[in-house]
Number of protein chains: 2
Amino acid sequence: MPPRSALKRQVNRLPPERRISDIMAAAKQVFVEKGYNDALITDIALRAGVVEGSIYRFFANKRELLVKVVEHWFEEMLRDDAEQFAAVRGSWNQIRFIVYTHLTSIHRDPALSRLMFQEIRPAPDYRGSHLFELNRAYTHRLVDVVKAGIAAGELRPESSPNLVRDLVFGCIEHRTWAFLRGEGDFDPAEMADAITNLVHHGLALGSEPASPMESVVARLETATARLEAAAGIAPAKSSSSRPR
Amino acid sequence: MPPRSALKRQVNRLPPERRISDIMAAAKQVFVEKGYNDALITDIALRAGVVEGSIYRFFANKRELLVKVVEHWFEEMLRDDAEQFAAVRGSWNQIRFIVYTHLTSIHRDPALSRLMFQEIRPAPDYRGSHLFELNRAYTHRLVDVVKAGIAAGELRPESSPNLVRDLVFGCIEHRTWAFLRGEGDFDPAEMADAITNLVHHGLALGSEPASPMESVVARLETATARLEAAAGIAPAKSSSSRPR
DNA sequence: GGCGCTAATAAATACCATTCATCATCGTCG
DNA sequence: CGACGATGATGAATGGTATTTATTAGCGCC
């Protein structure tokens with residue numbers, strides 16, 4: 001059937017990298033706004049200025065597109081954090097820095113964080129994926145900090161570094177779920193202080209005389225960390241104020 | 001038009017409660033085996049001995065069916081745990097008990113736990129749902145333990161009970177994700193000990209070393225040095241944050 | 001300036017949750 | 001004891017959406 005030979009199809013050829021980045025930018029928008037399930041390929045295609053089918057030339061399916069989008073975000077984030085971290089000294093400060101930057105990332109990109117937690121990490125092929133490796137590197141900094149702290153005699157030698165990692169990242173995630181669902185807000189600096197202190201000192205009242213000194217020092221340390229943050233020495237408000 | 005009046009439709013009438021429990025049992029099976037997305041209503045209907053449409057007489061949609069299934073499981077679990085808990089004494093033992101039973105539930109029903117974490121909790125209407133209330137009650141036992149421990153002088157008074165809750169449940173979840181994806185196994189008892197100890201004592205080398213005062217002073221000096229280094233900077237904003 | 005190669009398109013397909021028109025069964029009442 | 005109305009149950013239709021496919025258009029090469 002010859003419906004319209006008069007109507008010429010509009011075709012706009014572009015270099016593949018450009019197409020790919022257009023599609024990924026559009027996909028990021030839509031995934032962020034709608035979440036994975038409610039994101040429509042049609043919508044993504046529309047915003048990228050292509051037709052549905054074209055997306056499948058570059059991405060095997062909707063899920064691969066999601067993974068690529070989150071990967072891209074995560075890589076960018078890692079780059080931003082890495083250099084600053086190198087300057088921080090002392091186990092308390094290092095833990096606090098890691099907690100603070102992680103909280104800040106969640107606070108800045110709740111929707112992407114959610115996609116990572118809810119859609120990516122539970123997938124059966126997560127282990128073995130590039131994102132798994134990226135995340136491993138990301139959380140491993142904390143493992144190294146704990147090991148170094150033990151070696152330096154600052155931390156209890158019987159602490160399992162991997163367990164500390166799960167304690168810290170798990171705590172952060174659990175505590176931010178309400179925010180990730182869109183309920184209320186939180187202050188990354190304040191929460192970072194609280195978490196770091198709790199992990200560092202634990203719950204138990206030590207056998208030492210419950211020195212008032214203890215809490216004075218802790219408060220002093222907290223104050224110092226805040227000062228440092230304000231001065232931009234350690235935990236700066238990373239990428240929002242930085243060129244990428 | 002009557003296509004085959006010779007073929008009489010087989011109809012099997014049952015009391016609603018029976019139908020509902022049949023459907024829920026079938027749904028539980030299928031959700032557990034396939035996960036939410038890959039579970040087919042057709043499959044559930046088949047196993048329940050009804051036709052697709054019948055499911056919609058009792059459940060508004062697939063998601064409501066999921067919620068009901070998980071609710072049922074959770075309620076059962078709560079009942080089982082509650083009585084035993086009443087007998088445990090001492091904050092370490094109580095925390096250990098809660099950690100252990102939670103780990104055991106995850107170990108026994110990984111698929112249902114996953115559905116709870118991945119499908120139910122992130123939903124925008126989670127807060128306000130019955131499961132939210134159930135879970136609140138479930139985790140609140142730990143909050144009460146911490147409060148009681150503080151009151152009894154066993155735990156540090158500046159610990160935030162809610163933060164401890166997030167620390168513990170977050171840690172458990174983070175540490176069990178690999179298992180929930182089907183990778184490897186874990187020993188609930190062993191993990192419960194490790195988590196409880198870490199939370200209880202914290203990371204920092206506390207009183208053990210020769211002189212407690214020594215390390216307090218050392219930390220004070222470190223903190224002071226940092227303060228001096230950062231001197232001249234305006235204090236951080238509002239932040240009433242203190243070590244809690 | 002034609003020719004093939006491949007990007008890009010638009011329509012077709014497949015798969016499912018959900019809805020709907022219709023039928024079968026049961027308790028009740030004449 | 002037999003019609004009858006209410007309602008449980010059915011299976012086919014609907015609608016939405018990811019994915020595939022057949023076809024067309026633009027670019028570079030000779």
Side-chain angles (χ1 to χ4, degrees), chain A residues 1-27 29-31 33-69 115 119 123, chain B residues 1-27 29-31 33-69 115 119 123:
Chain A
M1 54 199 169
R4 340 32 76 80
S5 45
L7 243 280
K8 250 177 140 189
R9 248 199 314 212
Q10 265 304 55
V11 167
N12 185 14
R13 260 183 182 206
L14 283 181
E17 322 84 63
R18 176 63 194 286
R19 270 283 120 94
I20 290 178
S21 75
D22 282 0
I23 291 172
M24 281 183 51
Q29 269 191 17
V30 178
F31 283 137
E33 280 175 32
K34 306 283 179 60
Y36 180 72
N37 272 298
D38 294 343
L40 303 189
I41 294 286
T42 313
D43 193 1
I44 295 173
L46 191 71
R47 299 204 207 187
V50 298
V51 94
E52 298 168 277
S54 298
I55 290 180
Y56 288 89
R57 173 168 307 285
F58 302 105
F59 302 93
N61 50 43
K62 191 178 169 185
R63 181 153 295 268
E64 181 180 311
L65 181 52
L66 171 75
V67 168
K68 287 283 164 53
V69 164
L115 289 169
E119 303 289 346
Chain B
M1 53 199 157
R4 311 78 46 93
S5 43
L7 245 279
K8 248 180 145 188
R9 251 201 308 214
Q10 266 301 60
V11 166
N12 185 14
R13 262 184 180 201
L14 284 181
E17 322 85 62
R18 175 64 194 285
R19 269 283 122 93
I20 289 177
S21 75
D22 282 359
I23 291 173
M24 279 182 53
Q29 269 192 17
V30 177
F31 283 138
E33 280 176 32
K34 306 285 180 61
Y36 180 72
N37 272 298
D38 295 344
L40 303 189
I41 294 287
T42 312
D43 194 1
I44 295 173
L46 191 70
R47 300 203 205 188
V50 299
V51 95
E52 299 168 275
S54 297
I55 290 179
Y56 289 89
R57 172 169 308 285
F58 302 105
F59 302 93
N61 51 42
K62 191 178 168 184
R63 181 153 294 271
E64 182 180 310
L65 180 52
L66 172 76
V67 168
K68 288 284 164 52
V69 165
L115 290 169
E119 303 289 346

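By convention in this document, chain letters (A, B, ...) are assigned in the order of the sequence lines, proteins followed by strands, and residues within each chain are numbered from 1. Every value quoted in this text rests on a predicted model; they were computed, and no experiment measured them.
- Nucleotide C/dT18 holds its C1' atom 12 Å from the NZ atom of B/Lys62, rounded to whole Å.
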B/Arg19 and B/Asn12: side chain to side chain contact (heavy atoms under 4.5 Å, CB included), yes or no, with the steps?
-> CA-CA 10 Å; B/Arg19 269 283 122 93; B/Asn12 185 14; 4.0 Å; yes
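- Rounded to whole angstrom, the span from the CG atom of A/Asn61 across to the P atom of C/dA14 amounts to 19 Å.
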Show your reasoning for whether side chain to side chain contact (heavy atoms under 4.5 Å, CB included) applies to A/Asp43 and A/Lys34.
-> CA-CA 10 Å; A/Asp43 193 1; A/Lys34 306 283 179 60; 3.4 Å; yes
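- With distances taken from any side-chain atom of B/Tyr56 to the nucleotides C/dA17, D/dT10, C/dT9, the minimum falls on C/dA17.
- Taking atom CG of A/Leu66 as the reference point, atom P of D/dA18 lies 13 Å away to the nearest angstrom.
- A distance of 9.0 Å separates CG in A/Leu66 from CD1 in A/Ile44, rounded to the nearest 0.5 Å.
- Looking at heavy atoms from C-beta onward, B/Glu119 lies in side-chain contact with B/Asn37 at the 4.5 angstrom threshold.
- The closest side-chain heavy-atom distance from B/Val50 to B/Asp22 is not below 4.5 Å.
- Contact check for B/Met24 versus B/Phe59: side-chain heavy atoms found under the 4.5 Å cut-off.
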Return the polar atom pairs (N/O with N/O) between nucleotides 5-7 of chain C and the protein under 3.5 Å, or none.
from  : atom 1 : to      : atom 2 : distance (Å)
C/dT6 : O2     : A/Arg13 : NH2    : 2.6
C/dA7 : OP2    : A/Arg57 : NH1    : 3.1
C/dA7 : O4'    : A/Arg13 : NH2    : 3.3

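- Between B/Gly53 and A/Val50, the residue anchored closer to the 5' end of DNA chain C is A/Val50, taking for each the nucleotide with the nearest heavy atom.
- Contact annotation: the side chain of A/Lys62 approaches that of A/Phe31 to within less than 4.5 Å [non-hydrogen atoms, C-beta and beyond].
- A/Arg47 places no side-chain N or O within donor-acceptor distance of the main-chain N or O of A/Ala25, the cut-off being under 3.5 Å.
- For DNA chain C, the residues of residues 37-49 of chain B within the heavy-atom distance limit of 4.0 Å (strictly under) are B/Ala39, B/Leu40, B/Ile41, sorted by number.
- A straight line from CZ of B/Arg63 to C1' of C/dC16 spans 16 Å, rounded to a whole angstrom.
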Does the side chain to side chain contact (heavy atoms under 4.5 Å, CB included) test come out yes or no for A/Leu40 and A/Leu46, once each step is laid out?
-> CA-CA 10 Å; A/Leu40 303 189; A/Leu46 191 71; over 6 Å; no
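- Summarising the geometry, the separation between CD on A/Glu52 and C1' on D/dG16 is reported as 12 Å, rounded to the nearest angstrom.
- In this structure, CZ of A/Phe59 is placed 16 Å from C1' of D/dA18, rounded to the nearest angstrom.
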